[in-house]
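Reviewing the structure listed below.
What you see below is based on every heavy atom in this structure, not just the backbone, and it leaves out hydrogens, waters and symmetry mates. By convention in this document, chain letters (A, B, ...) are assigned in the order of the sequence lines, proteins followed by strands, and residues within each chain are numbered from 1.
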Amino acid sequence: MLDYKKIIAEELAKITNVDINELESYIEIPPNTDLGDYAFPCFRLAKELKKAPPMIANEIKEQFPENEYIEKIDVVGGYLNIYVNKLPYVSDILKSVSDNRENYGKMTIGNGKTIVIDYSAPNIAKPFHIGHLRSTVIGGALYKMYKFLGYNVVGVNHLGDWGMGICRTIAGYKMWKDEYDFSVRPIDSILAIYVRYNKIEKEDPDFKKHAVEALKLLEEGDEETTKIWKWIIDVSLADYKKIYDLIGCEFDSYNGEAFYNDKMDRVVRELEEKNLLVESEGAKVVVMDEDIPPCIIITSAGTTIYATRDLAALLYRIDNYNFDKCLYLVASEQSLHFKQVFETLSKMGYEKYASACEHIPFGLVLDEDGQKMGSRKGNAVTLEEIFNESIEKSLQIIEEKNPTLENKEEVAKLVGVGAIIFNDLANNRIKDEIFDWKQILNFAGETGPYMQYTYVRTQSILRNAGYTPKFAEIDCTKLMDAEAINVIKAIGNFDDVLVSATQKNEPSLLSRYLIDLAQSFSRFYNEHHILTEDKAVQDARLLLTDAVGIVIKEGLALLGIKCPSQM
RNA sequence: GCAUCCGUAGCUCAGUCGGAUAGAGCGCUCCCCUCCUAAGGGAGAGGCCGGAGGUUCGAUUCCUCUCGGGUGCACCA
């Protein structure tokens with residue numbers, strides 16, 4: 001692929017005798033297209049060359065040789081505005097796109113590297129609720145993106161499958177199993193038992209003993225208890241799987257908390273060998289360098305804890321995956337915890353791995369009143385309820401605004417699920433997100449429903465007009481990156497689209513459609529909140545966005561279609 | 001109190017490792033339905049980029065301080 005910055009920098013280097021990489025880093029993209037495609041600010045060279053910036057600009061312009069890729073150069077103030085000849089670039093990309101199809105844009109920067117992404121991690125036997133939405137959606141998006149960039153990605157669902165939570169359900173099941181029907185939707189009965197147990201325990205703290213007993217039995221390996229435990233996990237996972245399919249995310253490992261039960265000793269042993277464990281207030285802790293609370297490894301009651309388990313998981317991942325990067329998609333509330341864990345890992349002698357670990361925090365999901373979702377009664381709390389409600393509401397809107405649409409149900413599912421995912425990704429990651437149905441299901445502007453609907457609508461119009469759209473059919477279950485795939489696929493048939501548009505004289509519709517797609521693509525890859533740390537990934541996404549934007553813009557220009565908004 | 005994150009249009013957010021008049025979408029105001037689904041198109045109002053210093057030719061961007069908000073601060077995960 002042509003790299004205009006490099007081409008320009010090469011010429012500039014010949015003229016100015018300044019380092020080519022330095023020059024390339026100075027080149028920027030002007031705020032609007034009237035000022036050219038690339039700009040070179042001469043202010044930076046003013047000091048070295050001891051000349052006024054506009055003078056330098058003029059001198060460079062005069063000495064700039066003819067170049068097949070550069071159309072013209074203007075001098076505005078201290079800026080050198082460069083207009084490139086885009087046709088070679090566009091045809092270069094179009095060819096590459098049509099050769100590679102849905103693989104267009106795939107990168108190799110991750111080849112030979114392994115990244116572990118720890119995301120979703122619901123607590124078994126508790127409802128899969130709104131609190132897990134962000135981890136699942138953002139983690140799922142990262143999973144796909146890293147895969148696209150050539151990484152060996154290991155998606156880990158660190159299930160909360162151990163401890164008091166699940167034992168409350170086990171205890172309740174033992175007591176009341178005859179009162180429930182587990183034949184139709186066992187998960188509903190399991191959840192009902194969990195809720196019932198908690199309600200009683202809240203009023204009668206003494207009731208906790210049943211769960212404690214269950215945990216004891218489970219730890220001792222009691223056959224019956226273990227059997228119930230396994231069954232609850234299976235049933236819960238089957239239920240979660242539905243949500244994962246809907247969102248379109250996948251996992252390579254479901255090793256949860258229980259998996260590390262027999263791997264905690266090693267953590268304690270290694271820490272003791274390295275003289276890192278210190279006795280403090282009855283607990284065994286690792287002292288931190290900075291003035292922050294120590295990392296607790298063994299509680300004063302003698303039990304292991306969250307941090308111990310995360311360290312066990314890290315050691316396991318080091319041994320088995322030898323990762324180059326390990327991401328944790330966990331709410332920002334836990335920043336301190338991860339700081340402590342990573343520092344402890346580093347002190348244990350795994351500095352290389354510790355620095356490869358990254359906590360990717362995100363804000364809470366709040367309801368319209370700014371309260372934590374689900375804290376008030378009457379709110380939909382489980383993810384299944386939320387998605388169903390979204391699909392239902394979408395269907396209502398379609399029913400009301402466009403009752404004649406074919407396959408309403410299918411479109412409603414597409415729109416409803418996409419709306420939730422888009423809303424989540426579009427929100428600033430670190431900030432709390434307001435879960436506002438009006439905003440989520442808005443059918444105008446930069447919203448999920450608009451993108452999805454435009455796509456469906458365009459297809460049906462083209463079909464009615466006698467044109468069989470060659471855009472590959474969208475996979476409803478993979479909405480996570482539907483936007484990106486849409487663009488890639490649409491461009492894969494760019495020639496056809498343009499020909500059709502000209503013949504049918506439907507340029508405005510097509511242009512809107514393509515621009516919508518370009519925007520959503522760019523939006524998707526610009527979800528930079530996710531990827532600020534990784535320079536290589538940033539570069540890759542910029543390159544992709546740039547390329548797609550230019551192709552579409554130039555393609556439209558060739559057709560004489562005005563581009564209504566900037567891309 | 002300490003730590004950390006966040007303050008850009010009424011709302012939700014962009015702003016390319018400091019650069020040319022700070023950009024979108026929603027909402028709002030006005031105009032446009034014989035014609036591509038009005039789920040549309042066009043035009044417009046709306047900003048001392050929380051505040052004060054500093055570095056720089058140049059700061060929304062970097063540094064210091066300050067004000068306002070979120071979160072965390074050991075034996076729950």
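Scanning residues 326-339 of chain A for heavy-atom distances under 4.0 Å to RNA chain B yields Glu333(A), Gln334(A), Leu336(A). RNA chain B is contacted by Ser280(A), Glu281(A), Ala283(A), Val285(A) of residues 278-286 of chain A, taking any non-hydrogen atom closer than 4.0 Å.
For the pair Leu80(A) and Thr304(A), nearest-nucleotide mapping onto RNA chain B gives the more 5' position to Leu80(A). Each of Ser25(A) and Glu433(A) was assigned the nucleotide of RNA chain B with the nearest heavy atom; the assignment lying further toward the 5' end belongs to Glu433(A).
Here the P atom of nucleotide A77(B) and the CG atom of Asn261(A) are 11 Å apart, to the nearest Å. Between Ile292(A) atom CD1 and A3(B) atom C1' there is a gap of 8 Å when expressed in whole angstrom units. Taking atom CG on Asp436(A) and atom P on G25(B), their separation rounds to 20 Å, with Å as the unit. Rounded to whole Å, the distance from CZ on Arg309(A) to P on C76(B) is 13 Å. Between the CH2 atom of Trp437(A) and the C1' atom of C11(B) there is a distance of 20 Å, given to the nearest Å. Atom CD of Glu343(A) is separated from atom P of C73(B) by 18 Å (rounded to the nearest Å). Nucleotide A3(B) holds its P atom 10 Å from the CD atom of Glu290(A), rounded to whole Å. Summarising the geometry, the separation between CZ on Arg44(A) and C1' on A20(B) is reported as 13 Å, rounded to the nearest angstrom.
The side chain of Pro293(A) sits closest to C73(B) out of C6(B), A20(B), C73(B). Between C75(B), C73(B), A20(B), one nucleotide has an atom nearer to the side chain of Glu28(A) than all others, and that is A20(B). Proximity note for Glu257(A) (side chain, C-beta onward) versus A20(B), A77(B), C5(B): the nearest is A77(B). Ranking C75(B), C5(B), A77(B) by closeness to the Tyr306(A) side chain, first place goes to A77(B). Listed nucleotides G70(B), U21(B), C75(B) differ in distance to Asp432(A); the shortest reach to its side chain belongs to G70(B). Distances were taken from every side-chain heavy atom of Lys431(A) (C-beta onward) to each of A20(B), C13(B), C75(B); the shortest belongs to C13(B). Side chain of Thr299(A), nearest nucleotide from C6(B), A20(B), C75(B): C75(B).
G10(B) and G47(B): their P atoms are spaced 7 Å apart (whole Å). Look at the C1' atom in both A77(B) and U64(B): the space between them is 39 Å, to the nearest Å. Taking atom P in both G18(B) and G58(B), the straight-line distance is 16 Å, to the nearest Å. For the P atoms, the distance linking A45(B) with U29(B) amounts to 16 Å, nearest Å. Straight-line distance between the P atoms of C49(B) and G53(B): roughly 13 Å, to the nearest whole Å. The same atom, P, is picked in G27(B) and in C11(B); the two are 16 Å apart, to the nearest Å. The gap from the P atom of A59(B) to that of C63(B) amounts to 16 Å, rounded to the nearest Å. Separating the C1' atom of A9(B) from that of A22(B) is a span of 11 Å, rounded to the nearest Å.
The stretch residues 288-297 of chain A participates, sequence neighbours left out, in these salt bridge (Lys or Arg N to Asp or Glu O under 4.0 Å) pairs: Asp289(A)-Lys347(A), Glu290(A)-Lys339(A). Residue pairs that meet the side-chain hydrogen bond (donor to acceptor under 3.5 Å, both in side chains) test with at least one member in residues 294-304 of chain A, sequence neighbours left out, are Thr299(A)-Thr303(A).
The nucleotide U29(B) finds its pairing partner in A43(B), both defining distances of the Watson-Crick or G-U wobble pair being shorter than 3.5 Å. Of the nucleotides present, none pairs with U34(B) by Watson-Crick or G-U wobble criteria with both distances under 3.5 Å. Pairing of U61(B), defined by two Watson-Crick or G-U wobble distances under 3.5 Å, is not identified with any nucleotide. G23(B) and C13(B) make up a base pair, with Watson-Crick or G-U wobble contacts both under 3.5 Å. Under the Watson-Crick or G-U wobble criterion, with both distances below 3.5 Å, G72(B) is paired with C2(B).
Proximity of Asn81(A) to Ile73(A): side-chain heavy atoms (C-beta onward) are nowhere separated by under 4.5 Å.
A search for salt bridge (Lys or Arg N to Asp or Glu O under 4.0 Å) contacts involving Lys263(A) returns nothing, not counting sequence neighbours. A search for salt bridge (Lys or Arg N to Asp or Glu O under 4.0 Å) contacts involving Glu272(A) returns Lys284(A), not counting sequence neighbours. A search for salt bridge (Lys or Arg N to Asp or Glu O under 4.0 Å) contacts involving Glu201(A) returns Arg168(A), not counting sequence neighbours. Listed by chain and residue number, nothing satisfies the salt bridge (Lys or Arg N to Asp or Glu O under 4.0 Å) test with Lys6(A) (two or more places apart in sequence, or in another chain). Residues that satisfy the ring pair (Phe, Tyr, Trp, His ring centres under 6.0 Å) test with Tyr119(A), not counting sequence neighbours, are Phe251(A).
In this structure, C35(B) is classed as anti because its glycosidic torsion departs from zero by more than 90°.
At the heavy-atom level, Asn81(A) lies under 4.0 Å from base atoms of the strands shown. Among the heavy atoms of the strands, none lies under 4.0 Å from Ala46(A).
Ring orientation note: the planes of Phe342(A) and Tyr328(A) are tilted relative to one another, at an angle of 30° to 60°. Using cut-offs of 30° and 60° for the angle between ring planes, the Tyr306(A) and Phe338(A) rings count as perpendicular. Between His158(A) and Tyr260(A), the ring planes lie parallel to each other; the angle is under 30°, not in the 30° to 60° tilted range.
His132(A) and Asn123(A) form no side-chain donor-acceptor contact under 3.5 Å, judged by distance and modelled atom types alone.
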